[in-house]
Amino acid sequence: MSKSVLKSIKVLSVFGTRPEAVKMCPLVKAIQGDPRLTGAVCVTGQHRQMLDQVLKAFDVQPDYDLNLMRAGQTLSGITAGVLEGLGPVLQAEQPDIVLVHGDTTTSFAAALAAFYQQISVGHVEAGLRSGNKLSPFPEEMNRCLTGRIANLHFAPTQSNADNLRREGIAHGIFVTGNTVIDALFSLVRPNYTFQAEGLNKIDLKGKRTLLLTAHRRENLGEPLRNIFAAVLKLAELYDDVQVIYPVHLNPAVREPAQAQLGGHPRIHLIDPLDVQDMHNLMAHCHLMLTDSGGLQEEAPALGKPVLVLRTETERPEAVEMGTVRMAGVEAANILREARALLDDQFAYDTMANAVNPYGDGHASERICDAIAETCLIESEVKRPC
């Protein structure tokens, strides 16, 4: 009797933005190194320059590039472009499972495109919920809709898995940790030399560095002006504090940033950073102020307290564990929370040493194992739908 052969599972990973790429590239590399899996990559180009920087950092070569980014692109245009562009890719590849990540329009549209061809979907970073479908917009609804389509749900934490079960999802849930920690540990170096010219001109040792990121759609306008007012006041109050702000390319962010913050000698407005520079700058900073989602997970792994410049978070585990605090978007609240950490070393150390709930840097391996265990049976590949 001949011995049966285990077929490999064909996995198509689809992503299109810089944050997705940061979190998906470690998984792409893990798939490439797993003999049970065969991987292909399709990028949509929802972001372009920033996406390409991440691909280069991780040495990932896409098999397909939809190149969708356009000036003034709309959410409807991105959705339609992904649906139309991904159809032929799915027909050519015939994957057993399509992996999408998180909460972007690329993720939702790619999941929908796979569903239309009755191809199973795996949702990386599943189960995050803010509880408000308009905040963050459109991300909260993107991840909810992707979750309804997906067959396998790779939840970073137990509370994310619990969210899915409360929504009636009973099967295919795996608690894996977050792949962003995999990415972080692979890129931070003790003797790293920054590539960005602007960073090399800043003394990171002589002052306490506050690293600011602020660009979310719901913060544009008055909330962003409030954030900038608080940051400017902090720089004025503390002579030993400097602020580094990699400013998003969106003119709705860049113009008010330059107007409110551009004249202060210890506030450094620099261009967006590639993923290696950003992660290594985080390792050198004293405190982070951010409206980003991923940085709420990354900075605590480096022992850096985080103030979240939003009114709610889909990452409540970090708040519960004490690695982040909600500072909101009112200048007085941001100022109060930042001063508490700048003035009180015990409060700072308590946050810096709190346990990061987002994993140990092995999430990609767990996701590969889950795909293999669910999809692979002797002699054939079984789709998990």
Side-chain angles (χ1 to χ4, degrees), residues 19 22-23 26 57 125 128 156-160 176-194 196 199 202-214 231 234 238 240-246 268 273-310 313-327 334 336-364:
V22 170
K23 296 182 176 184
E125 198 180 83
L128 279 67
T157 70
Q158 186 60 53
S159 64
N160 300 149
T176 61
N178 199 304
T179 58
V180 75
I181 308 302
D182 305 20
L184 187 72
F185 288 165
S186 71
L187 294 177
V188 171
R189 302 281 188 273
N191 298 310
Y192 181 78
T193 300
F194 291 103
L199 277 181
I202 300 172
D203 180 9
L204 295 175
K205 297 179 180 179
K207 297 186 182 299
R208 292 185 289 179
T209 298
L210 308 188
L211 177 55
L212 170 67
T213 75
V231 168
L234 287 170
Y238 295 90
D240 68 333
V241 162
Q242 65 181 349
V243 179
I244 299 179
Y245 181 17
H268 306 283
L273 300 174
D274 68 28
V275 62
Q276 288 177 295
D277 273 1
M278 187 63 180
H279 281 168
N280 283 277
L281 178 57
M282 288 165 58
H284 283 85
C285 80
H286 181 74
L287 172 65
M288 284 211 61
L289 296 86
T290 183
D291 64 4
S292 167
L295 295 184
Q296 297 176 49
E297 302 152 349
E298 295 168 333
L302 297 170
K304 308 300 178 180
V306 180
L307 296 182
V308 180
L309 306 174
R310 292 165 57 186
T313 181
E314 59 280 15
R315 293 165 172 84
E317 309 90 350
V319 178
E320 293 164 7
M321 296 297 289
T323 60
V324 312
R325 289 183 184 176
M326 302 301 298
I334 297 167
R336 183 182 66 251
E337 294 291 346
R339 295 195 70 180
L341 294 173
L342 291 170
D343 293 341
D344 187 338
Q345 189 63 44
F346 179 78
Y348 179 90
D349 291 342
T350 298
M351 284 191 75
N353 294 315
V355 176
N356 183 15
Y358 296 110
D360 55 6
H362 297 283
S364 297

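Below, all heavy atoms of this structure are taken into account, side chains as well, without hydrogens, waters or symmetry copies. Quantities reported herein were computed from a predicted structural model and do not represent experimental measurements.
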Checklist entry - Is the closest side-chain donor-acceptor distance between Q276 and N280 under 3.5 Å? => result no

Next on the checklist: Show the nearest heavy-atom pair for residues S364 and P26, with the distance to one decimal.
Outcome noted: OG-C, 3.5 Å

Checklist entry - Taking all atoms of both residues into account, what is the closest heavy-atom pair of A338 and L234, and its distance? => result CB-CD1, 3.6 Å

Next on the checklist: Applying side-chain contact (heavy atoms from CB on, under 4.5 Å) to R325 and L341, what does each step give before you reach the verdict?
Outcome noted: CA-CA 11 Å; R325 289 183 184 176; L341 294 173; 4.0 Å; yes

Item to check | R339 and Y238 side chains, donor-acceptor separation under 3.5 Å | outcome: yes

Checklist entry - Rounded to the nearest 0.5 Å, what separation is found between the NE2 atom of H268 and the CD1 atom of I244? => result 6.0 Å

Next on the checklist: Let's go through F194 and H284 carefully: what are the C-alpha distance in whole Å and the side-chain angles of both, what is the deciding distance for ring-ring contact (aromatic ring centres under 6.0 Å, His included) to 0.1 Å, and is it a yes or a no?
Outcome noted: CA-CA 11 Å; F194 291 103; H284 283 85; 5.8 Å; yes

Checklist entry - Say you draw a straight line from SG of C285 to NZ of K304; how long is it, rounded to the nearest 0.5 Å? => result 5.5 Å

Item to check | Heavy-atom closest pair, residues L309 and T213 | outcome: CD1-O, 4.3 Å

Item to check | Any donor-acceptor N/O pair, N353 side chain to D349 backbone, under 3.5 Å | outcome: yes

Next on the checklist: One pair to check against side-chain contact (heavy atoms from CB on, under 4.5 Å): Y245 and L210. What are the steps and the verdict?
Outcome noted: CA-CA 9 Å; Y245 181 17; L210 308 188; over 6 Å; no

Checklist entry - Salt bridge or not for K207 and D240, using N-O below 4.0 Å? => result no

Next on the checklist: Please determine whether salt bridge (Lys or Arg N to Asp or Glu O under 4.0 Å) holds for the pair R315 and E125, giving the CA-CA distance in whole Å, both sets of side-chain angles, and the decisive distance to 0.1 Å.
Outcome noted: CA-CA 11 Å; R315 293 165 172 84; E125 198 180 83; 3.5 Å; yes

Next on the checklist: So which atom in V22 and which in E298 form the shortest heavy-atom distance, rounded to 0.1 Å?
Outcome noted: CG1-OE2, 4.1 Å

Item to check | Full working for ring-ring contact (aromatic ring centres under 6.0 Å, His included) between Y348 and F346 | outcome: CA-CA 5 Å; Y348 179 90; F346 179 78; over 10 Å; no

Next on the checklist: Between N178 and I181 (side chain of the first, backbone of the second, donor and acceptor by atom type, cut-off under 3.5 Å), is there such a pair?
Outcome noted: no

Next on the checklist: We want to know whether T179 and D182 form a side-chain donor-acceptor pair, criterion being a heavy-atom distance below 3.5 angstrom.
Outcome noted: no

Checklist entry - Just checking, any donor-acceptor pair under 3.5 angstrom between side chains of T313 and Q296? => result yes

Checklist outcome for this item: D360 meets the salt bridge (Lys or Arg N to Asp or Glu O under 4.0 Å) criterion, sequence neighbours left out, with R366

Checklist entry - How about E314 and N160: does a side-chain donor come under 3.5 Å of a side-chain acceptor? => result no

